[in-house]
Amino acid sequence: MEIKEILEMAVKASDSKRAENIIALDMKKVSILADYFVIASADSERQVGAIADAVLEAAKENNVPVLRAEGQKASEWILIDFGDVVVNVFQTDQRKYYNLEKLWSDADVVDVANWVEA
């Protein structure tokens, strides 16, 4: 899969489990960590785990290798690293605390409106 297809896959999988406030950041100009960050949140630890599971399952179905997955299902923050795309699934309070959107505010926001249900 191409990088943009992995990004779309991650956004759609997150949305399929009703992740809230999904955003994607184009990191190419601001960091060497990844080309894209996906940031999503949920109100409960259980839902955070379900979102992460959906992303991992979509990767498996599409033969996309996962370089690393950090955090537990009962976690407040799960990170899934596909190399060029990094997915961050937060519990809502932790997302506010770490505020990655502000930390990486120089990154362009990718329009994901066509990939999520309104």
Side-chain angles (χ1 to χ4, degrees):
M1 283 185 108
E2 298 292 321
I3 296 168
K4 279 279 214 169
E5 292 173 314
I6 295 171
L7 175 65
E8 180 178 354
M9 174 203 71
V11 169
K12 286 181 173 180
S14 298
D15 186 55
S16 75
K17 294 298 178 183
R18 298 188 179 166
E20 298 172 1
N21 197 17
I22 303 170
I23 66 162
L25 301 176
D26 184 336
M27 302 295 288
K28 292 183 288 254
K29 296 178 186 174
V30 297
S31 175
I32 61 170
L33 296 174
D35 286 350
Y36 297 99
F37 271 13
V38 175
I39 305 169
S41 53
D43 288 331
S44 70
E45 291 174 0
R46 186 176 202 173
Q47 190 177 3
V48 168
I51 294 164
D53 286 346
V55 172
L56 292 169
E57 183 62 31
K60 183 177 179 181
E61 290 171 1
N62 289 285
N63 296 314
V64 176
V66 177
L67 300 181
R68 178 174 309 133
E70 299 286 333
Q72 304 293 338
K73 285 186 181 181
S75 182
E76 296 174 335
W77 180 4
I78 297 176
L79 180 140
I80 303 167
D81 184 356
F82 295 109
D84 293 320
V85 177
V86 175
V87 179
N88 297 274
V89 184
F90 287 96
Q91 198 166 350
T92 303
D93 291 341
Q94 291 300 307
R95 182 173 180 171
K96 289 176 187 173
Y97 178 79
Y98 287 103
N99 201 359
L100 294 185
E101 294 95 322
K102 183 177 179 183
L103 178 66
W104 298 108
S105 62
D106 290 340
D108 293 328
V109 176
V110 178
D111 184 6
V112 298
N114 291 330
W115 300 338
V116 297
E117 291 186 28

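Any value given below was found using the heavy atoms of this structure, including those in side chains, with hydrogens, waters and symmetry copies removed. What you see is a predicted model, and the numbers here were worked out from it, not measured in a lab.
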Tell me the salt bridge (Lys or Arg N to Asp or Glu O under 4.0 Å) pairs involving residues 20-43, sequence neighbours left out?
Asp26-Lys28, Lys29-Asp108
If you define the side chain from C-beta out and look only at heavy atoms, does anything of Leu25 sit under 4.5 Å from Val109?
yes
Is there a side-chain contact between Asp15 and Glu117 in this structure, where contact means two heavy atoms from C-beta onward sitting under 4.5 Å apart?
yes
If I take atom CD from residue Gln91 and atom OG from residue Ser41, how far apart are they, to the nearest 0.5 angstrom?
10.0 Å
Measuring from atom NZ of Lys17 to atom CZ of Arg46, what distance do you get when rounded to the nearest 0.5 angstrom?
11.0 Å
Could you tell me whether the side chain of Asn88 reaches within less than 4.5 Å of the side chain of Leu100, counting heavy atoms only?
yes
Residues that Tyr98 engages under ring pair (Phe, Tyr, Trp, His ring centres under 6.0 Å), provided they are two or more places apart:
Trp77
Restricting to pairs with a member in residues 54-67, which pass side chain to side chain donor-acceptor pair (under 3.5 Å), not counting sequence neighbours?
none
Which residues pass the ring pair (Phe, Tyr, Trp, His ring centres under 6.0 Å) test with Trp115, not counting sequence neighbours?
none
With a 4.5 Å cut-off on side-chain heavy atoms, are Phe82 and Val55 touching?
yes
List for me each residue that meets side-chain contact (heavy atoms from CB on, under 4.5 Å) alongside Leu33, sequence neighbours excluded, and say none if there are none.
Ser31, Phe37, Trp104
Hits for side-chain contact (heavy atoms from CB on, under 4.5 Å) against Lys4, two or more places apart or cross-chain, chain-then-number order -> Leu7, Tyr36, Val110
Between Ile78 and Val11, is there shared hydrophobic-cluster membership here, with clusters defined by ILVMFWY side-chain heavy atoms closer than 4.5 Å?
yes
Just to verify, what does Ala19 make a side-chain contact (heavy atoms from CB on, under 4.5 Å) with, not counting sequence neighbours?
Ser14, Ile22, Ala40, Ile51
Sequence neighbours excluded, the answer for salt bridge (Lys or Arg N to Asp or Glu O under 4.0 Å) partners of Glu101 is Arg95
Residue list, side chain to side chain donor-acceptor pair (under 3.5 Å) with Lys12, at least two apart or on another chain
Glu8
For Gln47, check side chain to side chain donor-acceptor pair (under 3.5 Å) against everything at least two apart and list the hits.
none
